[in-house]
Amino acid sequence: MPALDLDTHLDTDLAAERAHLFTSRAALRRMRERAEALFATGDQVAGDAYAAETLGRTLSRRVAELADDPTTPLFFGRLDFAGTKDSETPDDDSVPGPSPRTGLGRSGATGTTGATDTTGRTGATDGETASGGGDHDGRQYHVGRRHVTDELGEPLVLDWRAPVSRSFYRASARDPQGVAVRRRFGFSNGVLTSFEDERLDRGEELGTTSRILTDEIERPRVGPMRDIVATIQPEQDELVRADLADSICVQGAPGTGKTAVGLHRAAYLLYLHRERLRRAGVLIVGPNRAFLSYIAAVLPALGEVEVEQATVEELISRVPVRAVEPPAVAALKHDVRMASVLRRAVQAQIGTPTDSITVSDGSFRWRIGLEPLHRIVEETRREGLPYGTGRERVRARVVSLLQRQAEARRAESPGDAWLRRMGRCRPVTDFLDAVWPALTPEGLVHGLLADPARLATAADGLLSDTEQAQLIWTKPARTAKATRWTVADAVLIDEATGLLERPSGFGHVVVDEAQDLSPMQCRAIARRSEHGSVTLLGDLAQGTAPWAATDWRESLAHLGKPDAVVVPLTVGFRVPAAVVAFANRLLPALAVNVPPAESLRRDGGLDVRTVTDLTAATVAEVQAALAHDGSVGVIAADEAVDGLRAALAAAGVPTAAADDVADAERVTLVPATLVKGLEYDHVVVVEPAAIVAAEARGLHRLYVVLTRAVSRLAVLHREPLPAPLLDWSATGEG
């Protein structure tokens, strides 16, 4: 085929794909308008107020799920399974044309006209397989962020989570899974600009050399985190599509996409088990509010709008935090031994009956002897129920014995009102208060930390005398309500809450930056995922908390998931290789057994410079960075942030705060303690020595800081670099 004819053919094909995009967007708009119309009239068709409210919530959610962002591609790929008819291009190797490695949008098989009616089915049912045989022979599917159908219900775009879409991520020249052609689309601000084909049936596969794939990974970042549905790699896809019953731990080096894997797994599970997880709930736990703000847009972009997000502190916020304690005391309260101390303190509240009870009931008197009361208390104790449930169980069993006596004398069964009255009568409540007194979590912890004798009894053999002395308040408040609680106290109160009552749980919990969870925080999450699964995400090398994990097996045991598989992700796609190599020099000093990160990125830049005026150099570096596309993150020790912000403002450079995703400023000034999980195109790190000196695990913090850049990293320092970096030499150093 002459080159001119090939170009014309490709231009026609590109026009057809654009037409399919236009048709798909119009169809999505109709789907949303239909949902809006149903929402507006739902109260007229509902049978009662409850049904109207339920229908309203369902339709409101559906409207939100169908929101469209015109700057985001509605589909990003296409699958042509073997047998797809292509009447315009002969199916033999005599057709001239560049290989997929050299011709963006110029390779091999062409599409038809978008073929809105060629799929013949939705492709989104649980029964489908990822193979190319059977139902998929000769079919063509556009793969996108959500399912879009035409007015007849025929699919125009298949959800990336549909079983058939799996082949878009996992098919290869070695294992084509029935796929003849995999097409990727290039977009700019929502406009389809190019396409790129891989003829898997001819052994043509681009992999990470795909120009479109590379451009999407390296696209400048401004604002919150984006989804990665167009760039998920096979090893990531395997984790994303793990079964709901499976708990997994991802040890992910910087830039390997572990956060994205966790979020996309949540979206996948919601798609596959929608009703079950809507009832049970899905929870995302992040290290701080800045991080949660950064990732907040990912799941809504994928059509999932009902996922709860919280920090651990928010999750356990039963009491207001109004005080700070010494780090050593906080670390002790986060120690897993405190769980046993609290359990003992609760068990110590259970007493032994000392006398029978007698209850007056009109002209009757009912008596329960000491032996059956002993039996009730011991049987209930052995059942291991939450303390509050056990108290009510004791009450119910006592009332049951009274009921048997009443039935025997009256020859009839007392009614519910009688049972309630017996349960509240003075002899029964006095007995309960003596052998199983009412407790509150706050009261339990207050009593333990305010009373040395009570703590000594509960901590005997668990905590040393010195540790007990550290925990005891020197001037305790008179009541739990008047106590000025700390963050670590809130962890103890949550543990106590779990001992007293059964908390509600979630069907699936995603925990990011999990290496910084203390054993007690892990237990708090375990109580909320006891009957669900967990996706644990983190990097032991990035552990900065005093109690940071050094072995995932220990964390998983505290989470109640000891058998979860630990999967390492070491190959990064975002952080440039030069930046990764520089940060990896810190690994030997971090005392963790993790494989070093690798990067496939050979672009980007690294500039390490000694300067005499840190503030002036930072302002100049930021101004130079603004000449490039993308976001700029300035990271410094917490105490230096205010001064740098003032200097940048004086130079006419406005800055945003790390947790303000609504701020459109390109430059974000971030305290080092809040940067975990965030990323910026150009990162300026100010005085590494100050970042290291600011906390006990300062080298770990510096490792986090140095791995936030996805294009360029500038390190400015006046003091000598930390020892592991001292022998660094690079052009421009000094």
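FYI, side chains are in, hydrogens and waters are out, and symmetry mates aren't considered; it's all heavy atoms of this structure.
- Here Glu325 does not pair with Arg484 in a salt bridge; the nearest charged N to carboxylate O distance is not below 4.0 Å.
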* To do: Please step through side chain to side chain donor-acceptor pair (under 3.5 Å) for the pair Gln470 and Gln468, ending with a clear verdict.
  => CA-CA 5 Å; Gln470 285 181 295; Gln468 293 177 39; over 6 Å; no
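- Without hydrogens or angle criteria, Ser356 side chain to Gly369 main chain gives no donor-acceptor distance under 3.5 Å.
- For the residue pair Gln405 and Glu407, no side-chain donor N or O sits within less than 3.5 Å of a side-chain acceptor on the partner.
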* Asked: Run the ring pair (Phe, Tyr, Trp, His ring centres under 6.0 Å) check on Phe431 and Trp436 step by step: do they pass?
  -> CA-CA 8 Å; Phe431 169 74; Trp436 211 292; 9.9 Å; no
* Passes side chain to side chain donor-acceptor pair (under 3.5 Å), Tyr294 versus Glu679? Steps please. -> CA-CA 9 Å; Tyr294 177 64; Glu679 59 183 20; 3.3 Å; yes
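- With hydrogens and angles disregarded, a donor-acceptor distance shorter than 3.5 Å links the side chain of Thr457 to the backbone of Ala453.
- Panel note: side chain Lys333, backbone Met520; no donor-acceptor pair is recorded below 3.5 Å.
- Between the side chain of Glu314 and the main chain of Thr311, a donor-acceptor pair closer than 3.5 Å is present.
- Here Arg527 pairs with Asp494, Glu495, Pro503, Arg523, Ala524 under the side chain to side chain contact (heavy atoms under 4.5 Å, CB included) rule; sequence neighbours left out.
- The residues Asp539 and Lys258 are annotated as not salt-bridged, no charged nitrogen and carboxylate oxygen being separated by less than 4.0 angstrom.
- Look at Arg241 and Asp246 and you find no salt bridge, because none of the NZ, NE, NH1 or NH2 atoms lies under 4.0 Å from a carboxylate O.
- Using modelled atom types and a 3.5 Å distance limit, the side chains of Thr535 and Arg265 yield a donor-acceptor pair.
- Side chain of Ser529 to main chain of Gly532: no donor-acceptor pair is present (N/O by atom type, distance under 3.5 Å, no hydrogens or angles).
- A salt bridge is defined here as a Lys NZ or Arg NE, NH1 or NH2 lying under 4.0 Å from an Asp or Glu carboxylate O, and Asp460 with Arg344 fails to meet this definition.
- Within 6.0 Å of CZ on Arg322 lie more than 12 heavy atoms contributed by other residues, nucleotides or ligands.
- For Arg409, the CZ atom sits in a loose shell: 12 or fewer heavy atoms of surrounding residues, nucleotides or ligands are nearer than 6.0 Å.
- A salt bridge links Asp335 and Arg337; the closest N-O separation between the charged side-chain nitrogens and carboxylate oxygens is under 4.0 Å.
- Evaluation of the side chain to side chain contact (heavy atoms under 4.5 Å, CB included) rule for Val307 yields Leu270, Val282, Ile284, Leu299 as partners, not counting sequence neighbours.
- Panel note: side chain Thr389, backbone Leu385; no donor-acceptor pair is recorded below 3.5 Å.
- For the residue pair His700 / Arg697, a side-chain donor-acceptor distance below 3.5 Å is found, with atom types taken as modelled.
- A salt bridge does not link Lys561 to Glu554: none of the charged nitrogens lies less than 4.0 Å from a carboxylate oxygen.
- Between the side chains of Asp638 and Thr673, at least one donor-acceptor pair of N or O atoms lies under 3.5 Å.
- In the displayed structure, Arg553 atom CZ is contacted under 6.0 Å by more than 12 heavy atoms of other residues, nucleotides or ligands.
- Between His446 and Trp485, the angle of the ring planes goes over 60°, which puts this pair in the perpendicular group of the 30/60° scheme.
- Between Leu315 and Gln521, every side-chain heavy-atom pair lies at or beyond the 4.5 Å cut-off.
- No more than 12 heavy atoms of other residues, nucleotides or ligands shown are found within 6.0 angstrom of CD on Glu371.
- Arg701 and Thr544 share a side-chain donor-acceptor pair at under 3.5 Å.
- In this structure, a donor-acceptor pair under 3.5 Å is present between the side chains of Trp418 and Asp361.
- Listed for the Asp243 side chain is no donor-acceptor partner under 3.5 Å among the backbone atoms of Ala245.
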